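As the structure is a prediction and not an experimental result, all values here were calculated from the model. Here is the naming used below: chain letters follow the sequence lines, and residue numbers restart at 1 for every chain.
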Amino acid sequence: MSGRISSWGARHLQALVSSAGHLVRSPLATILTLIVMALALALPLGLLTLVQNTRTATGDFSGAIGMSAFLKQDVTEAKARQLTSAVRGRSDVSAAQLITADQALAEFRKDSGFGVALDALQDNPLPHVIAVTPASAATPAGVESLQRYLSAWPEVENVQLDSDWVTRFNAILGVLRRVLVVAATLLGIGVVAIVGNTIRLEILNRRAEIEVTKLVGGTNAFVRRPFLYTGMWYGLMAGLTAWLIVAGALRALAGPAASLASAYGSRFVLAIPSLGELGLLLLVGISLGWFGSWIATAVHLHRIEP
Amino acid sequence: MINFEQVAKRYPNGREALSGVNLRVAPGEMVFLTGRSGAGKSTVLKLIALLERPTRGQVTVNGENTGQLPARRIPAFRRRVGVVFQDHRLLTDRPVFDNVALPLIVADSSLKEIDRRVRAALDQVGLLGKERLLPLELSVGEQQRVGIARAIVGRPPVLIADEPTGNLDPQLATEMLNLFRRLNEVGVTIVVATHDLHLVRESGLREVQLDGGQISNEPGAAAPLPHIEARR
Ligand SMILES: Nc1ncnc2c1ncn2[C@@H]1O[C@H](COP(=O)(O)OP(=O)(O)OP(=O)(O)O)[C@@H](O)[C@H]1O
Ligand SMILES: [Mg+2]
């Protein structure tokens with residue numbers, strides 16, 4: 001308090017520094033609170049990183065996903081060839097190959113071992129098929145719209161994605177994103193409650209100081225200021241700790257993730273949260289800390305009157 | 001400057017500490033408040049400092065009716081009333097300097113000002129050089145003087161002191177009293193509650209005696225209030 005203070009800004013700075021001092025003076029309690037807060041922040045951050053990474057990964061896979069357009073039985077081979085080149089000409093398609101009914105039957109005969117049984121058939125029951133590879137930049141949504149576009153052609157019976165798991169995976173991802181929002185909200189409330197409770201205890205601890213400050217004419221705002229800063233310090237440090245936890249966890253996961261990705265032929269690399277995300281996290285942490293202490297001071301400070 | 005009109009104070013536990021007190025202290029006046037323990041001296045001072053509000057009647061200080069002062073104006077009101085508490089009320093985890101500086105800090109004084117005035121106040125109570133000590137490292141009499149320094153550092157127009165010399169040796173007690181008288185000479189209105197009748201008589205200043213919550217030595221000051229009593 002005997003610091004060099006003159007202006008309003010310097011006074012805030014002084015409150016900021018002295019509130020940090022209070023945290024340092026009771027390290028164990030501070031650290032325990034921080035750990036709980038950091039975990040509460042780390043969980044949604046980890047989940048977010050996971051969802052984002054998975055989205056990148058599946059975006060990568062979907063380019064490799066092909067689809068098969070089954071033509072109607074009555075479509076001639078000449079017409080089929082014409083359609084194949086039309087498909088190939090599209091910008092969202094990187095390759096299109098016609099598998100004629102005869103080729104398909106030959107292949108089937110060879111692979112299935114039903115040769116004799118097939119010989120008994122008079123007509124070839126198989127349709128012509130166009131195997132389509134979407135452009136590598138295509139998103140899951142792009143692949144889907146291509147599929148819908150081709151299905152709408154009158155000559156096309158139906159279009160099947162070579163694997164439906166990507167679609168399913170994206171659905172799971174959608175659910176996961178919703179879980180993330182819910183978890184982040186609940187844990188955010190948790191952080192506010194933790195800070196609020198910590199500040200409440202701090203207020204009780206410093207009751208005498210608050211009383212005397214009010215006795216000599218300290219305003220509520222003056223008494224409140226250091227507690228708000230304490231809450232913000234907690235938020236800032238918890239945010240940093242949460243980031244370290246997530247970055248550490250991702251480092252530990254990087255090896256396994258890389259081998260998993262390469263098993264699926266993906267160039268995907270597990271990304272740690274960016275600096276922008278760190279900034280956002282700290283902002284969220286500070287805001288929650290401020291809000292928690294704001295509530296605690298609003299409830300408890302006015303009860304302390306000399 | 002200070003005006004009590006038919007003031008009664010009943011504490012939440014039902015104890016009526018004051019009843020029908022009329023007291024007028026003129027600007028620049030210095031008054032002693034005497035009376036036996038439990039007579040209501042501290043209660044009168046608490047009403048002046050707005051640490052309590054009257055149950056009945058009006059207390060006016062610095063032109064403000066304390067019973068009607070909105071909460072947001074209380075801090076400004078308290079800055080204009082310096083208080084020396086019977087139990088010191090120092091912050092035990094802050095050095096002497098910070099304790100004395102508190103009224104200036106909450107009033108947004110500049111640092112140069114704080115430094116100068118805290119030193120001046122400590123000098124006046126004879127504690128210059130002890131700024132860095134914690135209150136518990138001081139004797140009780142020294143703590144009391146830190147409390148006095150804190151009360152006068154903001155140069156309030158009204159100063160009230162509850163037993164400010166209770167733990168001081170006769171010489172120091174006289175010194176503190178002389179300090180109050182010097183402040184009084186430059187216009188500060190002062191009310192001192194004390195048991196030290198010797199000091200009071202020696203000063204030749206006005207003495208207001210309390211007895212059982214009423215003023216007993218000033219005729220008309222504690223007129224009985226039958227109509228109010230009857231209502232209860
Ligand atoms: N906070 C309180 N709650 C309830 N009763 C109180 C409170 N403060 C004082 N009293 C009562 O009011 C009466 C007057 O108390 P007060 O403190 O004004 O006396 P005093 O004259 O200052 O005494 P002393 O000389 O011992 O300090 C006492 O009987 C006391 O029991
Ligand atoms: Mg008393």
Euclidean distance, [Y] [atom2] relative to [X] [atom1], rounded to 0.5 Å:
X	Y	atom1	atom2	answer
B/Arg78	A/Thr213	CZ	OG1	11.5 Å
A/Glu211	B/Leu51	CD	CG	10.0 Å
B/Ile74	A/Leu215	CD1	CG	11.5 Å

Check whether more than 12 heavy atoms from other residues, nucleotides or ligands sit under 6.0 Å from atom [atom1] of [X], and answer yes or no.
X	atom1	value
A/Leu275	CG	no
B/Arg53	CZ	yes
B/Arg116	CZ	yes
B/Phe32	CZ	yes

Qualifying side chain to side chain donor-acceptor pair (under 3.5 Å) pairs, either residue in residues 289-304 of chain A, two or more places apart: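 As it turns out, the side chain to side chain donor-acceptor pair (under 3.5 Å) pairs with a partner in residues 289-304 of chain A, which skip direct neighbours, are A/Arg224-A/Thr297.
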By number, which residues in residues 140-168 of chain B have some heavy atom less than 4.5 Å away from chain A?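 Listed by number, the contacting residues are B/Arg150.
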Table please: side-chain donor-acceptor pairs of residues 182-192 of chain B below 3.5 Å, with sequence neighbours left out.
| from | atom 1 | to | atom 2 | distance (Å) |
| --- | --- | --- | --- | --- |
| B/Asn184 | ND2 | B/Gly28 | O | 2.9 |
| B/Asn184 | ND2 | B/Val188 | O | 2.9 |
| B/Thr189 | OG1 | B/Gly28 | N | 2.9 |

Sequence neighbours excluded and cut-off under 3.5 Å, please list the side-chain donor-acceptor pairs for residues 184-201 of chain A, or say none.
| from | atom 1 | to | atom 2 | distance (Å) |
| --- | --- | --- | --- | --- |
| A/Thr185 | OG1 | A/Val181 | O | 2.7 |
| A/Asn197 | OD1 | A/Arg200 | NE | 3.1 |
| A/Asn197 | OD1 | A/Arg200 | NH2 | 3.0 |
| A/Thr198 | OG1 | A/Ile194 | O | 2.8 |

Side chain / backbone / both / neither for B/Phe77 at chain A, heavy atoms under 4.5 Å: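 B/Phe77 has no heavy atom closer than 4.5 Å to chain A.
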How close do B/Val106 and A/Val216 get, heavy atom to heavy atom, and via which atoms?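 Answer, listing the atom of B/Val106 first, then A/Val216: CG2-O, 3.6 Å.
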How far apart are the C-alpha atoms of A/Val212 and B/His88, what are their side-chain angles, what is the distance that settles it, and do they pass the side-chain contact (heavy atoms from CB on, under 4.5 Å) test? CA-CA 10 Å; A/Val212 172; B/His88 321 326; over 6 Å; no
